[in-house]
Amino acid sequence: MRIATWNVNSVRLRLDNTLAWLKERQPDIVCLQEIKCQDEQFPREAFEAAGYNVAVHGQKGFNGVAVLSRLPFDEVTTGLPGDDEDVQSRFIEVVVSAPEGAVRVCGIYLPNGNPVGTEKYPYKLGWMARLKDHVAARLTLEEPLVVCGDYNVIPEAEDAANPQAWVNDALFLPQTRAAFRELLNLGLTNALRASTDEAGLYSFWDYQAGAWQRNNGILIDHLLLSPQAADRLKAVGIDKHVRGWEKPSDHVPVWADLAVGV
DNA sequence: ATGGTTGCTGTGCAA
């Protein structure tokens with residue numbers, strides 16, 4: 001089963017790119033972030049015609065997450081538990097049944113947190129604490145679980161082309177990186193880092209200042225695996241070439257193959 | 001080099 005994550009930065013503007021990439025990469029499950037539309041504006045029919053079931057947790061203008069799945073959904077839940085006041089659409093969780101058993105997938109759009117010094121940074125850290133609590137609870141199920149999405153976290157210096165440019169940024173502050181490590185320390189495996197320690201692997205290049213042309217990227221889109229998923233990990237990839245397409249997102253897809261189901 | 005670009009919205013905000 002191939003599970004992917006991609007921050008598309010507007011699913012409506014990126015529909016052609018997304019359909020072209022689905023055809024090329026043939027993922028079974030895709031978590032989309034920053035769809036930037038309400039549920040009823042999501043181009044559901046186009047994805048259904050491509051062979052996918054659709055689950056959407058949208059929001060007007062900003063944020064918004066969705067999951068595409070070739071297999072039908074056994075469960076869909078939206079919203080990260082732990083704060084009833086949080087109205088931002090950043091979390092969706094699905095369960096699908098593969099022949100060998102259920103696979104649970106959480107699609108996340110973790111808050112950016114900038115500018116540091118505003119309420120945005122504590123919101124990010126609070127969201128990460130809530131995610132940790134939720135993942136800890138899910139891990140007790142002892143099933144294959146993938147928590148993937150735009151984490152807005154640069155875990156290590158080698159995950160940025162120019163780490164010094166990020167030292168005061170919410171994506172790379174020590175507290176941010178510590179919270180990400182706390183998540184890993186629950187027993188999750190970073191799929192990409194389970195297969196390579198290579199530097200220079202990025203998933204985001206800013207639209208500004210020729211970041212793509214200079215390969216000034218950062219790695220902030222991650223797939224974290226429960227032990228039962230990590231045991232079945234077969235391959236991981238980053239579809240960097242998609243950043244060079246016409247009208248690209250500033251993020252590219254990241255995917256992992258698990259030896260479960262199709 | 002404290003800029004630069006993109007998307008949605010509303011003529012600014014978020015990233």
Side-chain angles (χ1 to χ4, degrees), chain A residues 5-21 31-44 46 56-66 80 85-92 107-128 131 148-155 159-173 175-177 179-180 202-222 239-254:
Chain A
T5 177
W6 190 8
N7 180 326
V8 290
N9 187 19
S10 171
V11 69
R12 289 176 293 174
L13 271 185
R14 221 66 64 201
L15 181 58
D16 289 348
N17 274 12
T18 308
L19 291 171
W21 172 76
C31 294
L32 300 174
Q33 299 89 39
E34 280 203 272
I35 62 171
K36 292 188 171 179
C37 67
Q38 299 174 84
D39 291 9
E40 58 271 26
Q41 298 173 310
F42 191 91
R44 171 182 293 271
V56 185
H57 182 40
Q59 181 179 339
K60 186 178 182 181
F62 306 106
N63 304 324
V65 289
L80 181 63
E85 311 279 292
D86 185 2
V87 297
Q88 299 192 31
S89 296
R90 298 180 173 275
F91 182 90
I92 187 168
I108 72 162
Y109 177 42
L110 205 147
N112 178 293
N114 286 303
V116 174
T118 70
E119 74 290 346
K120 290 175 184 298
Y121 191 57
Y123 173 65
K124 175 178 192 152
L125 294 177
W127 206 95
M128 294 182 84
L131 181 63
C148 64
D150 178 357
Y151 278 77
N152 271 312
V153 174
I154 303 167
D159 298 321
N162 181 14
Q164 289 199 333
W166 298 92
V167 292
N168 295 315
D169 193 283
L171 279 62
F172 193 54
L173 281 176
Q175 269 194 88
T176 305
R177 298 169 61 199
F180 185 78
Y202 310 128
S203 64
F204 169 92
W205 295 260
D206 203 295
Y207 289 126
Q208 302 182 71
W212 168 243
Q213 289 76 10
R214 299 162 192 244
N215 195 28
N216 181 17
I218 52 176
L219 180 61
I220 57 175
D221 299 271
H222 311 292
D239 287 329
K240 179 178 182 177
H241 66 287
V242 171
R243 186 63 176 79
W245 287 358
E246 290 284 318
K247 285 193 73 67
S249 170
D250 40 7
H251 297 249
V252 297
V254 184

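Every chain is numbered from 1 and lettered A, B, ... according to where its sequence line falls, protein lines coming before strand lines. All values below were derived from every heavy atom in this structure, side-chain atoms included, with hydrogens, water molecules and symmetry-related copies excluded.
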Does a side-chain N or O from [X] land closer than 4.0 Å to OP1 or OP2 of [N], or not?
X: A:Arg12; N: B:dG7; answer: no
X: A:Lys36; N: B:dA15; answer: no
X: A:Lys120; N: B:dA14; answer: yes

Rounding to an integer number of Å, can you tell me how far [X] [atom1] sits from [N] [atom2]?
X: A:Asp221; N: B:dA15; atom1: CG; atom2: C1'; answer: 13 Å
X: A:Tyr121; N: B:dA14; atom1: OH; atom2: P; answer: 18 Å
X: A:His251; N: B:dA15; atom1: NE2; atom2: P; answer: 11 Å
X: A:Trp166; N: B:dA15; atom1: CH2; atom2: P; answer: 13 Å
X: A:Glu34; N: B:dC13; atom1: CD; atom2: C1'; answer: 13 Å
X: A:Asn7; N: B:dA14; atom1: CG; atom2: C1'; answer: 12 Å
X: A:Arg90; N: B:dA14; atom1: CZ; atom2: P; answer: 11 Å
X: A:Leu110; N: B:dA14; atom1: CG; atom2: P; answer: 17 Å

Give the nucleotide from the list [options] with an atom nearest to the side chain of [X].
X: A:Ser10; options: B:dC8, B:dA1, B:dT5; answer: B:dC8
X: A:Phe62; options: B:dG7, B:dT5, B:dT9; answer: B:dG7
X: A:Arg214; options: B:dA1, B:dA15, B:dT6; answer: B:dA1

Separation of the [atom1] atoms in [N] and [M], to the nearest angstrom:
N: B:dG7; M: B:dG3; atom1: P; result: 23 Å
N: B:dG4; M: B:dA15; atom1: C1'; result: 13 Å
N: B:dG12; M: B:dA1; atom1: P; result: 29 Å
N: B:dT9; M: B:dA14; atom1: C1'; result: 11 Å

Closest approach of A:Gln59 to A:Val87 (non-hydrogen atoms, all atoms of both residues):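 So the two residues come closest at OE1-O, 4.1 Å.
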For the student: nearest non-hydrogen atoms of A:Ala211 and A:Trp205, plus distance: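 Reported closest heavy-atom pair: O-CD1, 3.7 Å.
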Residue pair A:Met128 / A:Val153, side-chain heavy-atom distance below 4.5 Å: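 Yes, side chains in contact.
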Beyond-backbone contact of A:Glu246 with A:Asp16, side-chain heavy atoms, under 4.5 angstrom: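 Counting from C-beta outward, A:Glu246 and A:Asp16 never come under 4.5 Å.
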5' priority, DNA chain B, between A:Ala209 and A:Gln88 [closest heavy atom]: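 First, find each residue's nearest nucleotide; the 5'-ward one identifies A:Ala209.
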Nearest-nucleotide 5' precedence on DNA chain B, A:Asp206 against A:Asn63: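 Looking at the nearest nucleotide for each, A:Asp206 comes out on the 5' side.
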Test side-chain contact (heavy atoms from CB on, under 4.5 Å) applied to A:Tyr109 and A:Asn152, step by step: CA-CA 8 Å; A:Tyr109 177 42; A:Asn152 271 312; 3.8 Å; yes
side-chain contact (heavy atoms from CB on, under 4.5 Å), paired with A:Trp6, selected from A:Thr18, A:Asp150, A:Asp221: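 Among the candidates, only A:Thr18 passes.
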Touch class at under 4.0 angstrom, heavy-atom based, for A:Phe204 against every strand present: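 Counting heavy atoms under 4.0 Å across all strands, no contact is made by A:Phe204.
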